[in-house]
J.: 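Quick one: structure below, then a few questions.
Everything numeric here is computed off the predicted structure, so don't read it as measured data.
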Amino acid sequence: MSTENLSDVTTGTATGPQGSDSTDDVDYADSRETTEGRVYTVSGGDWEDLIEDSRHDERMVINMGPQHPSTHGVLRLVLEMEGETVTQLRSVIGYLHTGIEKNCEYRTWTQGVTFVTRMDYLAPLFTEMTYCLTVERLLGIQAPRRAELLRVMLMEINRIGSHLVYIATGGMELGATTAMTLGFREREEVLHLLEHLTGLRMNHAFIRPGGLAQDMPADYQEVVSAFVKTMDERLPLYDKLFTGQPIWRNRLKGVGYLPVDACLALGVTGPVLRSAGLPWDLRKTEPYSRYDEFEFDIPTSTDADCWARYLIRVEEMHQSLRIIKQCLKKLEPGPVMVEDKKVAWPAQLSIGSDGMGNSLEHVRKIMGQSMESLIHHFKLVTEGFKVPAGQAYVPVESPRGELGAHLVSDGGTRPLRVHVREPSFVNLQSMPAMAEGGLVADVIAAIASIDPVMGGVDR
């Protein structure tokens, strides 16, 4: 092996043609001999003047994410920093892109529900709701009263679960591990309840155009009442642990400031907008699904910071429990799907004893009817129903803000175009306004206060 370019261990200098002799006349730092060896003393000299001259040239550009425990999912933040102060922030998205909207254009209107429910995977029932309301507007139909009230009940249960994840993940990212353990404990109650009511913990595809996939189980009143009682007992614990906690308060207060004019300029909605003082909640301003029949309050604040967003989400969980209690009182027996057989399936799904296929009674009901009925059922399931040509947009109030579906129909059995107005995507553009000029540690608090879901951002 050639050794001509190896460094000389005796002199510490390169021995190749480009090397230099260690005996060159160079100014060295002062040194002294100790029992541990030679120790050099490096003084500041005129280093401070050098830093002052190049202050604006010494900015660091660092990547936070996309695989980072504090970026709320696969989100990449490119930070330009001076010391620990963020001078510029850019969000980089697209790491969770699934092409859901384009996939919906190759499926029937009913099958689209199975896709859109996977966008905001922490609040799947809201995406199902906005999609189905838009389809129903194009069809010119309205779901039965029982179905509308059950939709409200399911969405408010889902809202509580979503806000619990905000507290759990936001607390964990700021070092409050107790927030994570408690938040996910309560969310598990939500998921157990939704599984009992719809059959699935997440991505339910339970809200369908025209109503619901099926009615509630026989014991739903008792199960939901027990859940409300449990949450009424446990929610005050969050006030004890966090609201009155000086570290938690100091970590959030005055951080991520975004006033109401900035919110409106950026299209920000949801708790972030309400934390700036504007009581904009579509359940009140543009009621849908009989929300106008319920009594509940819209919590607001004028602090416009992370602390206000925390308080608002905690209060929203209390308001959701109020709505759920009213739902249980208002519900009466009745259909959960429209009577129009061109939209509703002839026979409602009945699961077999193995929990997988259709029950024998379900098969007999279809097969025992006329051949025309069987053909109609087959075509309705495989081809889907036709939707009159046109376009519509119907928004709902998701846990993160205005969530709306814009659907375009050419009169066929599949959507011509599907686009969802995702609040996580829109709200995320407020990150530079919230974080620039603050500390890098406050970037974590700001992103947690927006509570974005990257499945909804990238779709």
J.: Evaluate Arg145 against Glu148 for salt bridge (charged side-chain N to carboxylate O under 4.0 Å, His left out), listing each step before the verdict.
T.: CA-CA 5 Å; Arg145 175 179 172 81; Glu148 290 193 313; over 6 Å; no
J.: Check the surroundings of atom NZ in Lys253: do more than 12 heavy atoms from other residues, nucleotides or ligands lie under 6.0 Å from it?
T.: yes
J.: Quick one, Arg251 with Asp442, criterion salt bridge (charged side-chain N to carboxylate O under 4.0 Å, His left out). Give me CA distance, side-chain angles, the key distance, then yes/no.
T.: CA-CA 8 Å; Arg251 196 69 179 79; Asp442 293 338; 3.3 Å; yes
J.: Examine distances only and state if a side-chain atom of Ser409 and a backbone atom of Pro388 form a donor-acceptor pair shorter than 3.5 Å.
T.: yes
J.: Can you tell if the side chain of Met434 reaches within under 4.5 Å of the side chain of Cys306, non-hydrogen atoms only?
T.: no
J.: How far does NE2 of His163 sit from OG of Ser320, to the nearest 0.5 angstrom?
T.: 6.5 Å
J.: So do Val86 and Leu89 actually touch side chain to side chain, heavy atoms under 4.5 Å?
T.: yes
J.: Taking Glu101 for the side chain and Val420 for the main chain, is one N or O donor matched with an acceptor at less than 3.5 Å?
T.: yes
J.: Where the side chain of Asn250 meets the backbone of Pro246, is there a donor-acceptor pair that is under 3.5 Å apart?
T.: yes
J.: Just by modelled atom types, is the Gly412 backbone N or O under 3.5 Å from a matching donor or acceptor in the Asp410 side chain?
T.: yes
J.: Partners of Thr117 by side-chain hydrogen bond (donor to acceptor under 3.5 Å, both in side chains), sequence neighbours excluded?
T.: Glu128
J.: For a side chain to side chain contact (heavy atoms under 4.5 Å, CB included) check, start with the C-alpha distance between Glu189 and Arg234, then their side-chain angles and the critical distance, and finish with the verdict.
T.: CA-CA 11 Å; Glu189 299 284 348; Arg234 292 185 182 178; 3.5 Å; yes
J.: So, taking the atom named CD1 in Ile324 and the one named CZ in Phe294, what distance separates them when rounded to the nearest 0.5 Å?
T.: 10.0 Å
J.: Is it true that the side chains of His196 and Asp219 contain a donor and an acceptor less than 3.5 Å apart?
T.: yes
J.: Run Glu156 and Arg283 through side chain to side chain contact (heavy atoms under 4.5 Å, CB included) and show every step you take.
T.: CA-CA 11 Å; Glu156 294 307 320; Arg283 295 174 294 173; 3.3 Å; yes
J.: Set out, in order, the CA-CA distance, both residues' side-chain angles and the distance that settles side chain to side chain contact (heavy atoms under 4.5 Å, CB included) for Met64 and Arg76, then state yes or no.
T.: CA-CA 6 Å; Met64 182 182 289; Arg76 175 183 167 209; over 6 Å; no
J.: Report yes if some heavy atom in the side chain of Leu154 is under 4.5 Å from a heavy atom in the side chain of His204; otherwise report no.
T.: no
J.: Go through the steps for Thr269 and Arg274 under the test side chain to side chain contact (heavy atoms under 4.5 Å, CB included), then give the verdict.
T.: CA-CA 8 Å; Thr269 52; Arg274 293 191 284 277; over 6 Å; no
J.: Report yes if the side chains of Tyr106 and Lys102 come closer than 4.5 Å at any heavy-atom pair, otherwise no.
T.: yes
J.: Is a side-chain N or O of His97 found less than 3.5 angstrom from the main chain of Asp458, in a donor-acceptor match?
T.: yes
J.: Asn158 side chain to Leu125 main-chain N or O, any donor-acceptor pair under 3.5 Å?
T.: yes
J.: Working to the nearest 0.5 Å, report the span between OG of Ser275 and CG of Leu311.
T.: 10.0 Å
J.: Are a donor atom and an acceptor atom from the side chains of Arg107 and Thr114 found within less than 3.5 Å of each other?
T.: no
J.: So is Arg313 actually on top of Tyr166's ring, under 6.0 Å and inside 45° of the axis?
T.: yes
J.: Between the main-chain N or O of Arg208 and the side-chain N or O of Tyr131, is there a donor-acceptor pair closer than 3.5 Å?
T.: no
J.: Which atom names give the shortest non-hydrogen contact between Ile167 and Val314, and what distance separates them?
T.: CD1-CG2, 4.0 Å
J.: Are the side chains of Tyr291 and Glu397 in contact, using a 4.5 Å heavy-atom criterion?
T.: no
J.: When you compare the side chain of Pro395 with that of Glu286, does any pair of heavy atoms fall below 4.5 Å?
T.: yes
J.: Are side-chain heavy atoms of Cys263 and Leu273 found at a separation under 4.5 Å?
T.: yes
J.: Once you measure the plane-to-plane angle for Tyr310 and Trp248, does it fall in the parallel (<30°), tilted (30-60°) or perpendicular (>60°) bin?
T.: perpendicular
J.: Could you measure the distance from the CZ atom of Arg146 to the CE atom of Met337? Nearest 0.5 Å is fine.
T.: 14.0 Å
J.: Are Leu428 and Ile447 packed together at the side-chain level, in the sense that at least one heavy-atom pair is separated by less than 4.5 angstrom?
T.: yes
J.: Are there over 12 heavy-atom neighbours, none belonging to Ile247, within less than 6.0 Å of that residue's CD1?
T.: no
J.: Once rounded to the nearest 0.5 Å, what's the spacing between atom OG1 of Thr300 and atom CG of Asp281?
T.: 11.0 Å
J.: What distance do Leu258 atom CG and Met431 atom CE have between them, rounded to the nearest 0.5 Å?
T.: 11.0 Å
